[in-house]
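Scroll down for the structure; my scribbles are underneath it.
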Amino acid sequence: MSSLVNVPTATTRERRQAITHTSIVSAVLNLVLSAIKILAGFLGHSQALVADGIHSLSDLLSDVLVYVAGHHASQQPDQNHPYGHARYETVATLALGTLLLLIALGIGWDAVHRLFEPDALLKPDALALAATLASIGVKEWLYWWTLGYAKRVRSDLLRANAWHHRSDAISSIVVLIGIAGTMAGLTYLDAIAAFIVALMIARIAWGLGWGAVSELVDTGLESERITEVAQTIRSVGGVRDIHMLRTRRLGGQVSADVHVLVDPDISVSEGHMISVLVEQRLKREISDMTDVTVHIDPEDDASKPEVPPLPLRAEALARLASLWSAIPAANERQRLLLHYLGGRIEVEVFFPITACQRTGSDPERLCAELAEALREDSAFGRVRVYFG
């Protein structure tokens, strides 16, 4: 028994709008900033500023990735993507991390090359210093602005892009120190600053890429959050215990499926109602939980040994009719319930009240005869008889 819930359309719409808006604004600012920093780096003789400008140019490409991924991720589930398209964000985040890592390697290689060739070292001037100060201000503002949207719509992709802006702001601070130090006479400082920028970019790239890879291979939630999810499920009335609890991330969302242990004698409809309550409580109390599948179990089948397949209802009823054919009173039965528990079928038989009111009837003997007949078939366990 299971229940599957789609992501609310309002959240999807808000996320799409946030991604589109931030991507366009960021792209325009990054284009302007990269042009200014690269030009000022060449004219102002600063290798670190040119490297920083290339970093900003990568931001422009990342904005394009964010926009495209956000457009696809906002689409509703379809036949080919029944769980939705949220992992487009994850793939784009991985691509962004890879891009940053490649950029870091290029900048670091060039900086080391210049450090070992003193004649290749540059001597920045005031133009480079001014461009760096402007970059720090713009990129820090972009970081906080994008991060605000990321928190509002719970988007890991926007959060990653915000940190990309922050990395550019931090790298610009390092560039500022390098330029100022070189202008003060420390000729190696600009190249050293460029190398430090490369290390910072590589560290951020690793964090983004590793997080995306973990999600793509269906890494579950942290142990603390798993405990929270389990406690929430156990708080629902009718839930005896749980097992086989599994979680995973889909973009900025969390998905869970769980086997819930309930009383084996309850009705199918009551079991379904318990699953609905589990689903609703998880979505209400667990942050980012948007997709829940609940399997109702009458017993803890996670620890049960494998048993041969038991006959389903049609075959089971045919076997019972054959086993009870020599018991005339068995033909008066009105209803049968089959309980598949412990690798066997337990049977509940319901007779009309008149069956035990006739002269000569013996309800206890009838129950014993029915149970004795079932001993011939190992598929069946105990039998319970009811009159009424």
Side-chain angles (χ1 to χ4, degrees), residues 25-63 96-97 99-148 160-208:
V25 173
S26 297
V28 172
L29 290 177
N30 282 323
L31 180 60
V32 174
L33 271 179
S34 61
I36 291 175
K37 287 197 284 188
I38 292 174
L39 183 61
F42 278 117
L43 297 178
H45 310 293
S46 172
Q47 178 199 4
L49 187 56
V50 172
D52 205 28
I54 296 174
H55 186 193
S56 292
L57 196 59
S58 74
D59 280 356
L60 177 60
L61 182 56
S62 74
D63 291 329
L96 182 56
L99 173 66
L100 282 172
L101 184 60
L102 293 175
I103 291 171
L105 291 174
I107 294 173
W109 178 267
D110 185 63
V112 171
H113 173 72
R114 291 182 182 272
L115 282 171
F116 284 96
E117 293 188 10
D119 293 338
L121 292 173
L122 302 177
K123 297 179 180 179
D125 57 23
L127 176 62
L129 195 67
T132 304
L133 286 170
S135 173
I136 293 172
V138 173
K139 296 304 292 187
E140 186 65 13
W141 176 82
L142 266 178
Y143 164 75
W144 287 107
W145 183 68
T146 306
L147 186 62
N161 208 34
W163 275 103
H164 197 174
H165 296 318
R166 166 57 68 85
S167 73
D168 213 359
I170 295 174
S171 67
S172 293
I173 294 175
V174 176
V175 171
L176 180 68
I177 296 172
I179 292 173
T182 304
M183 292 174 65
L186 302 175
T187 56
Y188 286 91
L189 207 53
D190 185 67
I192 292 174
F195 183 75
I196 293 174
V197 169
L199 292 178
M200 295 170 62
I201 297 173
R203 182 178 181 275
I204 294 171
W206 176 261
L208 295 178

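Residues take their numbers from the sequence shown, with the count starting at 1.
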Looking at side-chain heavy atoms only, is the closest gap between R166 and E140 below 4.5 Å? yes
From L147 CG over to L142 CG, what is the distance, rounded to the nearest 0.5 angstrom? 12.0 Å
Atom pair CG (L39) and CG (L127), whose distance is rounded to the nearest 0.5 Å: 7.5 Å
Determine the minimum heavy-atom distance between A104 and A202, stating which atoms define it. CB-N, 3.6 Å
So, does T146 use its side chain to make a donor-acceptor pair with the main chain of Y143 at under 3.5 Å? no
If you compare all heavy atoms of A205 against all heavy atoms of G97, which two are closest, and at what distance to 0.1 Å? CB-O, 3.1 Å
Kindly say whether A128 contributes a backbone atom to a donor-acceptor pair with the side chain of T132 at under 3.5 angstrom? yes
In Å and rounded to the nearest 0.5 Å, what is the CD1 to CG distance from I38 to L43? 12.0 Å
Using 0.5 Å steps for rounding, measure from the CG atom of L31 to the OG atom of S26. 12.0 Å
Quick check: do V112 and F195 have side-chain heavy atoms less than 4.5 Å from each other? yes
Smallest heavy-atom separation, L33 atom then S135 atom, equals CD2-CA, 3.9 Å
Does atom CH2 of W141 have more than 12 heavy-atom neighbours from other groups under 6.0 Å away? yes
